[in-house]
Each structure stands twice: as structure tokens, then as C-alpha cells.
Amino acid sequence: MIDSRAKGAAGERQVRDILRKYTELEWQRVPHSGALSFMKGDLFVPNTHNNYCVEVKFYKHSHFNDKVLTNSTNQFISWWEQTTKQAKLAGAKPLLFFKYNRSKLFVATRDKPEWVKEYMHVNHLDCYVMEMINWLVHEKPSFTNG
């Protein structure tokens with residue numbers, strides 16, 4: 001059996017490395033998994049203002065499914081609510097990266113895509129969901145003000 005904390009840490013490292021590659025910024029994992037009162041989320045760029053509060057979730061099964069529309073206890077809804085809460089505390093925009101076994105990485109953001117055409121809008125959660133690399137390459141989000 002895989003330790004969920006180890007899987008989460010491995011997921012954070014994977015997303016961190018992809019962000020480093022595509023943004024050329026020195027992303028780091030947040031110490032103590034965001035438990036510090038002055039630092040929220042899972043990943044950040046040190047020594048600068050971060051425009052996003054980044055959460056990372058890796059799970060065995062997909063939680064982005066029809067239950068997003070019908071079930072208030074859906075895991076994706078919980079992840080998005082956690083991300084938006086952390087972002088509000090951090091004074092940043094929420095950004096959720098998620099993946100399930102053998103899937104591509106996905107991103108959920110409040111920023112409406114301008115260039116990516118393959119996305120879903122979840123109106124009641126006020127978020128857009130799309131494939132991560134496609135989003136990074138075509139939207140070129142601004143992660144810092146530094």
C-alpha cells in the first residue's frame with residue numbers, strides 16, 4: 001500500500017519540476033505542507049509575491065466527474081474549496097493541479113482561458129479546468145510580480 005503523504009509529496013515534486021521547466025522560476029515545496037500560518041498552499045516561488053496559491057492533489061481515481069454537479073461531498077469540490085480558502089488567506093488567486101493514476105495533469109483556475117480551447121467551466125464553483133501543459137504553454141500565466 002502506498003503512503004498517501006509520500007504520494008502527495010511525490011506529486012508536489014512532479015508539479016514543481018514541470019513548473020520549473022515551463023516558467024523558468026525556482027519553485028519550491030512549502031515547508032510543512034502549508035501548515036505555517038504565514039505560508040499557504042503546496043508550492044511557491046521564494047523571495048517574491050506569488051500571484052497564485054498552488055495546491056496539488058494526486059489520487060488513485062478521478063474525482064472530477066458527474067458528481068461535481070450533484071454531490072456536495074465530491075472530492076474535487078473539497079479540493080477546490082480548500083484551494084480557494086488557502087488562496088484567500090494568502091491574498092492570491094486559487095490554482096489547483098490534480099491528477100489520478102495514469103492520467104495527465106490537470107489545472108483548475110478562476111482565470112478564463114484566452115488561448116486554450118479545450119476546457120470545462122464549472123459555473124457553480126467558478127473555475128475552469130483544463131490539461132496542465134496545454135494551459136502553461138498557451139496561456140503563459142504570470143505567477144509572480146517579481
Side-chain angles (χ1 to χ4, degrees), residues 2-65 67-69 71-100 103-116 118-146:
I2 297 174
D3 178 343
S4 63
R5 287 184 8 190
K7 187 173 188 173
E12 290 171 9
R13 287 190 298 273
Q14 183 180 349
V15 171
R16 177 202 64 197
D17 293 346
I18 291 168
L19 288 172
R20 284 179 177 178
K21 176 182 175 182
Y22 283 91
T23 67
E24 299 181 356
L25 297 169
E26 192 53 40
W27 289 89
Q28 293 183 15
R29 293 178 61 223
V30 171
H32 308 290
S33 296
L36 302 173
S37 63
F38 60 91
M39 190 177 287
K40 298 298 176 190
D42 293 323
L43 301 172
F44 75 111
V45 180
N47 304 316
T48 188
H49 173 77
N50 287 251
N51 294 332
Y52 293 95
C53 179
V54 177
E55 286 287 331
V56 179
K57 301 294 183 188
F58 275 41
Y59 275 75
K60 182 176 181 179
H61 301 290
S62 173
H63 292 281
F64 188 77
N65 53 34
K67 289 183 175 57
V68 169
L69 302 175
N71 187 339
S72 63
T73 61
N74 173 269
Q75 192 67 54
F76 178 82
I77 293 172
S78 297
W79 296 340
W80 185 246
E81 287 173 348
Q82 175 192 0
T83 304
T84 56
K85 181 180 176 183
Q86 296 290 324
K88 186 174 182 178
L89 292 170
K93 298 188 286 186
L95 191 64
L96 170 64
F97 294 106
F98 65 99
K99 178 186 184 312
Y100 58 93
S103 79
K104 292 184 175 186
L105 276 154
F106 296 94
V107 62
T109 178
R110 284 215 169 117
D111 299 337
K112 183 177 182 179
E114 294 182 35
W115 305 105
V116 172
E118 300 82 20
Y119 66 85
M120 289 182 263
H121 181 242
V122 184
N123 192 52
H124 69 287
L125 299 178
D126 188 25
C127 70
Y128 297 87
V129 178
M130 66 214 84
E131 192 267 325
M132 175 190 184
I133 301 297
N134 199 18
W135 179 72
L136 286 169
V137 168
H138 296 290
E139 296 300 319
K140 297 181 178 28
S142 176
F143 288 99
T144 68
N145 287 343

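Since the structure is predicted, the reported quantities are computational estimates derived from the model, not experimental observations.
Atom NE2 of His138 sits about 11.5 Å away from atom CE of Met130, to the nearest 0.5 Å. Atom OG1 in Thr109 sits 8.5 Å away from atom CZ in Phe97 (nearest 0.5 Å). Within the model, atoms CG of Leu136 and CD of Glu131 stand 8.5 Å from one another, a figure rounded to the nearest 0.5 Å. One finds the NZ atom of Lys21 at 15.5 Å from the CG atom of Leu25 (value rounded to the nearest 0.5 Å). The CG atom of Leu96 sits 13.0 Å away from the OH atom of Tyr52 when rounded to the nearest 0.5 Å. The CG atom of Leu95 sits 11.5 Å away from atom CZ of Arg110, with the distance rounded to the nearest 0.5 Å.
Looking at every heavy atom in both residues, Ser142 comes nearest to Asn51 through O-ND2, 2.9 Å. Between Lys40 and Ala90, the shortest heavy-atom distance links the atoms CB-CB, 4.2 Å. For the residue pair Ala92 and Cys53, the shortest heavy atom distance occurs at CB-N, 3.6 Å. Listed here is the closest heavy atom pair of Pro46 and Phe44: CA-CE1, 3.5 Å.
Considering only heavy atoms from C-beta on, Phe58 comes within 4.5 Å of Leu105 through its side chain. Side chains of Asp126 and His121 form a contact here, defined as non-hydrogen atoms less than 4.5 Å apart. Within the 4.5 Å cutoff, the side chain of Leu19 has heavy atoms near those of the Met132 side chain. Side-chain contact between Tyr128 and Asp111 is absent, with no heavy-atom pair separated by less than 4.5 Å.
Glu139 places a side-chain N or O within 3.5 Å of a backbone atom of Val116 that can act as its donor or acceptor partner. A donor-acceptor pair is defined here as one N or O able to donate and one able to accept, closer than 3.5 Å; no such pair exists between the side chain of Arg16 and the backbone of Trp27. A donor-acceptor pair is defined here as one N or O able to donate and one able to accept, closer than 3.5 Å; no such pair exists between the side chain of Asn145 and the backbone of His49. Here the side chain of Asn47 pairs no donor or acceptor atom with the backbone of Val45 at under 3.5 angstrom.
The pair Glu12-Arg29 counts as a salt bridge, with a side-chain nitrogen and a carboxylate oxygen less than 4.0 angstrom apart.
Between Tyr100 and Tyr59, the ring centre distance reaches or exceeds 6.0 Å.
Applying the side chain to side chain contact (heavy atoms under 4.5 Å, CB included) test between Val129 and each of Phe76, Tyr119, Trp135, Trp80 identifies Phe76 as the sole match.
For the residue pair Gln82 / Lys57, a side-chain donor-acceptor distance below 3.5 Å is found, with atom types taken as modelled.
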